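Comments concern the structure below.
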Amino acid sequence: MTNPALRIQLLRKLWVHLTPREMYGLTPPDRVQRAGQNLGEVRRKELANLLGIERQLHELRRGHASLDAGGKIIKSAEIRDIREVKFSSIIEAAEQQEVQSEVLPDLPKMLENALEIARYDQLERLLRLQKLYLLTERIILGLDVDDIDTGALDRRWFNRWKLNACEISNGALQQLWARILVRELRAPGSTSLKALEYLSFFTLQDAENLNRIASWALEDFIYRSALQALPNHFDADLFDRLEEQGILRGVFGKVLSKALLSTRLDSFECQLALADRRLIVSSPQPRTELHVPAYIITRVGRELLSLVAPPADADYLELVRQDLQARGMTVRVAELPRDTPSLEVG
C-alpha cells in the first residue's frame, strides 16, 4: 500500500545528495513548501529558465551571439541577409582591393579559446544534470512507494552516475538514467557499476530493444522455443549482440534450459511474471521441477530490464501457454500491476 510519507522521504533523500553548486537555480522542495508556493509552478518556471539558458548557450557556441563585458547576451548582427550583402560586396570589390590574410592566433589566444570551450561544455553538462534531477523528482512524485532503504547513496556510484548521465541529451535515454537513480535511492546497492557502464553506451535502438526484450522476459529468462516460433519477433543478430554484451546467455553453443520449481509437494505449481501478466502454471501430477528451453537473462540484464515495463507481447504469451500445455500443464493468466511506464523512443 502506498505511503505518501515515504514518497516525501524519498524526495528529500534525492535533494540531500545534491551540492549547492549542483542545485544552483533550483529550489529544494522543503524550501518551496516553507514558502507556501506550489511546487509544480516553481518547477515549470525553473525548467523554462533551463531551456532558455540552453538556447542561449547554443547561440554562443554557433557564434550567433556573444557576451558583453557585463555578461549580457548580445545577438550577432550577422544575419543571413546582411551576410549575403557583404558577400556580394566582396565579390564586386575583389578587383579593387587586396585581400588581407587573417593573423594566425598565438598560444595565449588558443588557450583562451580552449577555456571558453571548456566553460560551455561544463555548463551544458550541468544543465543536463539539473534536468535529470527534475525528471527524477517527477518520477518519485508519481510512484507508489511502500518501502525505502534509508541508507545513503554510495558516493562512488553516484559520481559514476553523474559522470555518465551528464553526457546524455536524448529525452528517452534520460528517462532511463532518471529511473535508475530512483531505484538506487529506494534501495542503495541494487544497481551495479557494470549496469551503469553498459547504459552509458546505449543508443535509441538499444532503448527500443530493451522494451522488446522486457515484453518477453519471464523474470530471469526468455522462453526460447516460443520466441523462435515467431519469425517477425526473433532477430538472430540482436540476440547475438545481447550475448556478446553480457545481457543473455544461451544464444551460442549449447541450448540452455530453465528449471521451473514447484511450490507444492503434492502437485506442481509455480508462478511466473511476464511484463504486466502473471502465469500460474500447474499440474495435478506431483513433480519438483519442469525444464523448458530458455535464454537466461544475466544479472546486469535484469537490472537494465527492470527500468522499463512494457505490456506483455500477446503473440509470444500465447505460444508460451501452448508450449506449457503441450507439456501437460494447465496455465492461467492474470493481470499484474506495474508502476513503471514503458519507454517512449519515438
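Here the structure is a predicted model, which means the values were calculated and not measured. The first residue of the sequence shown is numbered 1, and numbering continues consecutively from there.
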About how many Å separate CG of Leu104 and NZ of Lys109, when rounded to the nearest 0.5 Å? 13.5 Å

Looking just at side-chain N and O atoms, do Glu167 and Ser200 make a donor-acceptor pair shorter than 3.5 Å? no

If we count only N and O atoms by modelled type, under 3.5 Å, do the side chains of Glu116 and Tyr120 hold a donor and an acceptor together? yes

Check whether any side-chain heavy atom of [X] sits under 4.5 Å from a side-chain heavy atom of [Y], and report yes or no.
X: Leu126; Y: Tyr24; result: no
X: Arg179; Y: Val308; result: yes
X: Leu218; Y: Lys258; result: no
X: Leu11; Y: Glu137; result: yes

With a 4.0 Å cut-off, would you call Glu59 and Arg55 a salt bridge? no

Does Ile74 CD1 have over 12 foreign heavy atoms under 6.0 Å away? yes

Taking only residues two or more places apart in sequence, or in another chain, which ones meet [X] in a side-chain contact (heavy atoms from CB on, under 4.5 Å)?
X: Leu181; value: Leu14, Thr136, Leu153, Trp157, Phe158, Trp161, Leu185
X: Ile8; value: Arg12
X: Ser190; value: Arg183, Glu184, Ala187
X: Phe252; value: Asp240, Glu243, Glu244

Among residues at least two apart in sequence or on other chains, which ones pass ring pair (Phe, Tyr, Trp, His ring centres under 6.0 Å) with Tyr295? Phe239

Candidate pair Asp220 and Arg249, rule salt bridge (Lys or Arg N to Asp or Glu O under 4.0 Å), full reasoning: CA-CA 11 Å; Asp220 64 346; Arg249 292 191 294 110; over 6 Å; no

Go through the structure and list residues passing side-chain hydrogen bond (donor to acceptor under 3.5 Å, both in side chains) with Arg299, not counting sequence neighbours. Glu303

Check Ile296 against Ser257 and note the closest heavy-atom contact, atom names and distance. CD1-O, 4.2 Å

